[in-house]
J.: 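Structure below; questions to follow.
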Amino acid sequence: MEENARISQTLCLKDRAVLELDGVVNVESFTEDALTLATRAGGVSVEGSNLKIEDLSKGDGKILVTGKIDGIFYLDSGEEKRGFFGKLFR
């Protein structure tokens, strides 16, 4: 985790509808309702509806996602994304 603290990452969310993120290494999973990314700074999960990957530049590590974005979550390394009840009953 200390190593991740030194890595710079930019996340820009416009009107809960356009997400720009850099440092993307891989798209781990993608559906219309959820997106999980591996980034240089760790895992990132995006939840919403009608999500679309409009642009992905693996060379630059940049992604552009559109749709209704309800939440953006950083995942600690090795931690699986859990829903509300999973977090409640740890």
J.: Could you check whether any side-chain heavy atom of Leu37 comes within less than 4.5 Å of a side-chain heavy atom of Asn26, counting everything from C-beta outward?
T.: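 Sidechains of Asn26 and Leu37: no contact.
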J.: Nearest 0.5 Å, what's the OG1-OH distance between Thr39 and Tyr74?
T.: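 If I round to the nearest 0.5 Å, the distance is 7.5 Å.
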J.: Below 3.5 Å, can you tabulate the donor-acceptor pairs from side chains in residues 48-66 to any protein atom, sequence neighbours excluded?
T.:
unit_1	atom_1	unit_2	atom_2	d
Glu54	OE2	Thr66	OG1	2.9
Ser57	OG	Asp60	N	3.4

J.: Measuring only between side-chain heavy atoms, which start at C-beta, is Val46 closer than 4.5 Å to Ile69?
T.: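 Yes, at least one pair of side-chain atoms sits under 4.5 Å.
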J.: Let me confirm one number: the CG-OG1 distance from Asp22 to Thr10, rounded to the nearest 0.5 Å.
T.: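 Going from CG on Asp22 over to OG1 on Thr10, the span is 4.5 Å.
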J.: Quick check: is Val24 connected to Leu11 through a chain of hydrophobic side chains (ILVMFWY, heavy atoms under 4.5 Å apart)?
T.: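 Shared cluster, yes.
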J.: I'd like to check the salt bridge (charged side-chain N to carboxylate O under 4.0 Å, His left out) partners of Glu28; sequence neighbours left out, ordered by chain and number.
T.: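 Not a single residue meets the salt bridge (charged side-chain N to carboxylate O under 4.0 Å, His left out) criterion with Glu28.
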J.: Tell me, please, which residues at least two apart from Asp70 pass salt bridge (charged side-chain N to carboxylate O under 4.0 Å, His left out).
T.: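 Salt bridge (charged side-chain N to carboxylate O under 4.0 Å, His left out) list for Asp70, sorted by chain: Arg16, Lys68.
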J.: Leu21 versus Gln9: any side-chain heavy-atom pair under 4.5 Å?
T.: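 In short, these two side chains touch, coming nearer than 4.5 Å.
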J.: What pair of heavy atoms forms the shortest contact from Arg40 to Ser8, and how long is it?
T.: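 Of all heavy-atom pairs spanning Arg40 and Ser8, the closest is NH2-O, 3.9 Å.
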J.: When Ser45 is tested against each of Ile72, Leu35, Leu75 for side-chain contact (heavy atoms from CB on, under 4.5 Å), which residue passes?
T.: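 Of the listed residues Ile72, Leu35, Leu75, the side-chain contact (heavy atoms from CB on, under 4.5 Å) partner of Ser45 is Leu75.
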